Amino acid sequence: MNILLETDVHLLRACEKTNVTLPFTVPKNTTLLRISYSYAPKTLDGEAARPIIEACLRRDTGEFYSEYPDWTQYLPLKNLVTLSLDSPEGFRGCAHRQADVQTHILSSAEASPGFLPGALPAGEWRLVLNVHALVTKICDCRIKIEAEVDFCGE
């Protein structure tokens with residue numbers, strides 16, 4: 001396997017509700033892409049989560065705030081960072097899942113759920129990290145994209 005992209009992305013809470021685009025180049029005659037992806041931490045628990053939960057309850061319940069005395073029932077809070085993929089020809093799929101460790105495969109014959117199988121055109125692709133929720137002060141993402149290339153097909 002050839003490594004097309006291997007990087008760490010350091011997200012701060014200010015990155016919440018944004019997208020981070022990571023371009024990479026797919027070579028000619030690529031037959032398979034493997035995307036390995038993880039992020040940490042996944043959760044925020046205990047007293048550290050309390051101010052966030054209480055602020056959300058105050059914001060969302062207004063005058064009924066006193067009816068929600070047990071903030072612990074909302075634990076743990078979770079970071080959520082998902083991914084989407086675009087080829088030079090357009091959208092190739094997404095993995096909007098809760099798991100903090102994922103591997104996805106794309107080839108002409110098959111693809112992981114959420115992604116479209118088909119030819120893997122050479123050129124500039126982009127992986128997009130969709131930062132839905134960050135409840136921790138930092139969240140570190142690790143991305144590795146590998147390709148199988150048929151060098152005999154040239």
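Values in this document were obtained by computation on a predicted structure and should not be read as measured data. What's counted below: heavy atoms across the whole structure, side chains too, no hydrogens, waters or symmetry copies.
Rounding to the nearest 0.5 Å gives a distance of 7.0 Å between CZ of Arg13 and NZ of Lys137. In this structure, Phe24 CZ and Ile35 CD1 are separated by 5.5 Å, a value rounded to the nearest 0.5 Å. The line from CG of Leu32 to CD of Glu148 is 4.5 Å long, rounded to the nearest 0.5 Å.
Applying the salt bridge (charged side-chain N to carboxylate O under 4.0 Å, His left out) criterion to Glu54, with sequence neighbours excluded, gives Arg50.
Remark: the backbone N or O of Thr72 is paired with a side-chain donor or acceptor of Asp70 at under 3.5 angstrom. Although no hydrogens or angles enter the test, the distance criterion places no donor-acceptor pair under 3.5 Å between the side chain of Thr30 and the main chain of Val26. Of the possible donor and acceptor atoms, one in the side chain of Lys42 sits under 3.5 Å from a partner among the backbone N and O of Asn79.
When hydrophobic clusters are built by joining Ile, Leu, Val, Met, Phe, Trp and Tyr residues whose side-chain heavy atoms come closer than 4.5 Å, directly or via intermediates, Leu80 is grouped together with Leu129.
Across all their heavy atoms, Ala133 and Lys78 have their closest contact at CB-O, 4.1 Å. Contact detail for Pro88 and Glu124: the closest heavy-atom pair is CG-O, 3.4 Å. Of all non-hydrogen atoms in Thr31 and Ser107, the two that sit nearest each other are O-CB, 3.4 Å. Considering every non-hydrogen atom in both Tyr39 and Cys141, the closest pair reads CB-SG, 3.7 Å. Taking all atoms of both residues into account, the shortest heavy-atom contact from Leu106 to Leu116 is CD2-O, 3.9 Å. Shown here for Leu134 and Cys15, the closest heavy-atom pair between the two residues is CD1-CB, 4.3 Å.
With hydrogens and angles left out, the side-chain atoms of Asn29 and Asp150 include no donor and acceptor closer than 3.5 Å. At a cut-off of 3.5 Å, with distance as the only test, no side-chain donor of Thr43 or Asp45 sits close to an acceptor on the other residue.
Environment of OH in Tyr74: crowded, with over 12 heavy atoms of neighbouring residues, nucleotides or ligands closer than 6.0 Å.
At least one test fails for Arg92 against the ring of Phe115: distance under 6.0 Å to the centre or angle within 45° of the axis.
Side-chain contact between Ser84 and His96 is present, with heavy atoms from C-beta onward closer than 4.5 Å.
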